[in-house]
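Accompanying notes for the structure given below.
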Amino acid sequence: AVNLSVCDTTGEQLLPKIAVTYDGGCYIGWFDSRAGSYAVYLQKLNAQGVKQFPAGGLLISNNPQSSSLVDWDLAVDDSNCCVLAFTDTRAGSSINPYAYRISPSGQFLWGANGIALTDSVNVFQANPKVIVTSDGNFIIPWQYNNKIAMQKISKAGTKVWGNIPIMVIGNTAISEKFNYPIGVKSDNGNFILYWIGYTGSFISPSNYKLYTQKYSPAGTGLWGNPQDTLFVGGAQGTYQPTIYPDGNNGAIYVWQSFVTGPTVCYVQRKNSAGVIQFPANGVAVTTTGSTMLNFAPAASYMPSTGETYVFWQRKNSLQSVIGVYGQKFSATGTRLWADSGHVVKPLDGNSFASLQTYTKDSSVMGYYMEISGVTGFAKAFKLNRDGVLQWGGTILTPGAFVSEKGRMSIAINQNGM
């Protein structure tokens with residue numbers, strides 16, 4: 001109940017990521033300013049929470065960093081190794097992406113300085129993600145200026161597609177920009193990618209669209225040409241959409257938009273063949289047209305029932321009261337709870353962040369960080385399929401120590417822990 005300290009040295013420890021190992025433990029990575037500038041550290045915990053690397057973490061990279069950070073990623077492969085992808089400025093003023101593979105004993109399997117993913121160090125490149133494919137390779141997509149770049153790395157550290165990454169480019173006739181790639185693995189070494197496209201300003205985009213494509217191990221598109229369009233409507237270019245595996249080699253997609261007025265969250269599901277399972281342009285998680293605002297959706301899929309669960313933030317128009325709401329969808333995208341959404345945490349003056357959800361058997365769990373003033377509390381809940389709170393009918397507080405908190409990251413292991 002006191003909580004386990006992963007790292008409590010001087011400076012800041014920021015942007016934590018977590019991924020589970022096959023023995024019930026996990027890797028946790030973060031950016032760390034103990035030496036004055038940001039460096040990347042990694043810790044490995046066994047199933048009992050015992051640290052396997054030095055107490056302050058294993059230093060992965062202290063190469064020069066920008067004064068501000070972008071998103072990054074880590075994942076675990078079938079050898080219990082950790083693959084990290086992040087950016088730094090070691091090659092010059094522009095941030096570039098690099099990838100490292102670390103063994104369970106802390107060995108640097110791709111060399112002390114990892115693998116440089118880009119073919120041009122003078123281009124702004126951000127937000128790399130890691131997809132571990134079913135055949136044991138690694139796909140790393142990232143933003144390459146206003147394009148999407150992808151590189152495939154083998155376990156041995158070979159760039160399978162050569163030194164020049166595969167590029168996914170928008171409609172040049174309208175100067176379309178691509179951003180925020182994210183993906184999940186699919187069948188036979190394939191993978192599914194999801195990203196945004198827009199024209200105009202990053203802050204106030206036009207021609208806003210959400211795209212997806214399934215790629216073969218060779219990087220060839222398998223669905224639409226050049227990609228499938230999931231959504232056309234209004235949204236912010238700063239919003240990062242999210243994708244989740246559906247347990248059947250397809251994907252669940254969520255996003256937020258103000259296409260019909262106040263911000264509403266949407267969900268879509270595609271099967272492995274690329275056929276949408278919900279109505280075109282996605283299904284709203286709640287009745288549209290109200291004055292309430294809906295943000296930051298998170299989704300999970302229940303293979304045993306074919307149901308999709310989505311949870312999100314609901315706020316009033318002044319964003320002065322906030323609650324946690326949820327929705328259950330049938331296999332064809334019908335809302336199965338109230339059209340207005342199912343209340344998990346009623347509206348109150350506290351804010352929250354880092355909402356995530358997982359299913360296990362016939363239950364669904366949700367996790368979020370509730371913030372009261374400057375104090376943060378890690379929260380967790382479990383619902384049955386009717387939306388009734390389990391765990392004694394309460395929302396638990398795994399992290400109750402009075403302090404500022406943020407950026408909660410969640411993973412579930414093979415035992416449902």
Side-chain angles (χ1 to χ4, degrees), residues 17 70-73 126-131 139-144 146-150 168 170 176-186 191-215 223-224 226-246 250-260 262-270 274 276-286 288 293-301 308-313 327 329 333 353-357 409:
K17 303 286 185 179
V70 296
D71 202 12
W72 68 292
D73 203 11
N127 305 318
K129 298 294 181 179
V130 180
I131 306 167
I139 305 298
I140 303 179
W142 70 93
Q143 179 191 355
Y144 186 109
N146 292 314
K147 310 169 187 176
I148 303 299
M150 302 187 298
V168 184
E176 186 177 33
K177 305 175 179 69
F178 282 171
N179 202 351
Y180 296 126
I182 190 170
V184 295
K185 71 176 181 179
S186 188
F191 63 98
I192 299 171
L193 203 65
Y194 180 36
W195 69 95
I196 70 170
Y198 64 94
T199 60
S201 166
F202 181 70
I203 302 299
S204 181
S206 56
N207 298 308
Y208 186 93
K209 296 178 181 178
L210 294 171
Y211 294 116
T212 188
Q213 178 64 280
K214 181 178 179 179
Y215 291 95
W223 289 346
Q227 60 261 328
D228 283 356
T229 302
L230 285 174
F231 175 79
V232 178
Q236 297 169 310
T238 55
Y239 174 67
Q240 301 182 39
T242 310
I243 188 173
Y244 305 89
D246 74 349
I252 303 289
Y253 309 81
V254 291
W255 64 92
Q256 64 187 42
S257 172
F258 47 82
V259 64
T260 55
T263 304
V264 177
C265 301
Y266 290 84
V267 60
Q268 181 59 274
R269 179 181 166 223
K270 262 181 173 279
I276 59 171
Q277 304 299 292
F278 295 175
N281 229 34
V283 181
V285 299
T286 182
T288 59
L293 308 176
N294 303 275
F295 294 97
S300 58
Y301 181 74
T308 298
Y309 292 81
V310 182
F311 297 93
W312 69 93
Q313 301 181 29
Q327 185 59 266
F329 293 89
S354 305
L355 179 62
Q356 297 168 72
T357 176
S409 186

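Keep in mind the model is a prediction, meaning the values are calculated, not measured.
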Taken in chain and number order and not counting sequence neighbours, the residues that satisfy side chain to side chain donor-acceptor pair (under 3.5 Å) with Asn179 are none
For Thr199, the side chain to side chain contact (heavy atoms under 4.5 Å, CB included) test, sequence neighbours excluded, returns Ile174, Glu176, Ser206, Asn207
In short, salt bridge (charged side-chain N to carboxylate O under 4.0 Å, His left out) pairs touching residues 193-211 with sequence neighbours left out are none
Residue set satisfying side chain to side chain contact (heavy atoms under 4.5 Å, CB included) with Ala149, at least two apart, ordered chain then number -> Trp142, Tyr144, Pro165, Met167
Residue set satisfying side chain to side chain contact (heavy atoms under 4.5 Å, CB included) with Asn146, at least two apart, ordered chain then number -> Lys177
Sorted by chain and residue number, the ring pair (Phe, Tyr, Trp, His ring centres under 6.0 Å) partners of Trp72 (sequence neighbours excluded) come out as Phe31
*Establish, yes or no, whether a centroid distance under 6.0 Å links the rings of Tyr211 and Phe178.*
yes
Sorted by chain and number, sequence neighbours left out, side chain to side chain contact (heavy atoms under 4.5 Å, CB included) with Leu230 holds for Tyr194, Leu210, Thr212, Tyr253, Gln268, Lys270
Hits for side chain to side chain donor-acceptor pair (under 3.5 Å) against Trp255, two or more places apart or cross-chain, chain-then-number order -> none
Sequence neighbours excluded, the answer for ring pair (Phe, Tyr, Trp, His ring centres under 6.0 Å) partners of Tyr244 is none
Tyr309 meets the ring pair (Phe, Tyr, Trp, His ring centres under 6.0 Å) criterion, sequence neighbours left out, with Trp337
Salt bridge (charged side-chain N to carboxylate O under 4.0 Å, His left out) pairs touching residues 197-206, sequence neighbours excluded, are none
Residue set satisfying ring pair (Phe, Tyr, Trp, His ring centres under 6.0 Å) with Tyr198, at least two apart, ordered chain then number -> none
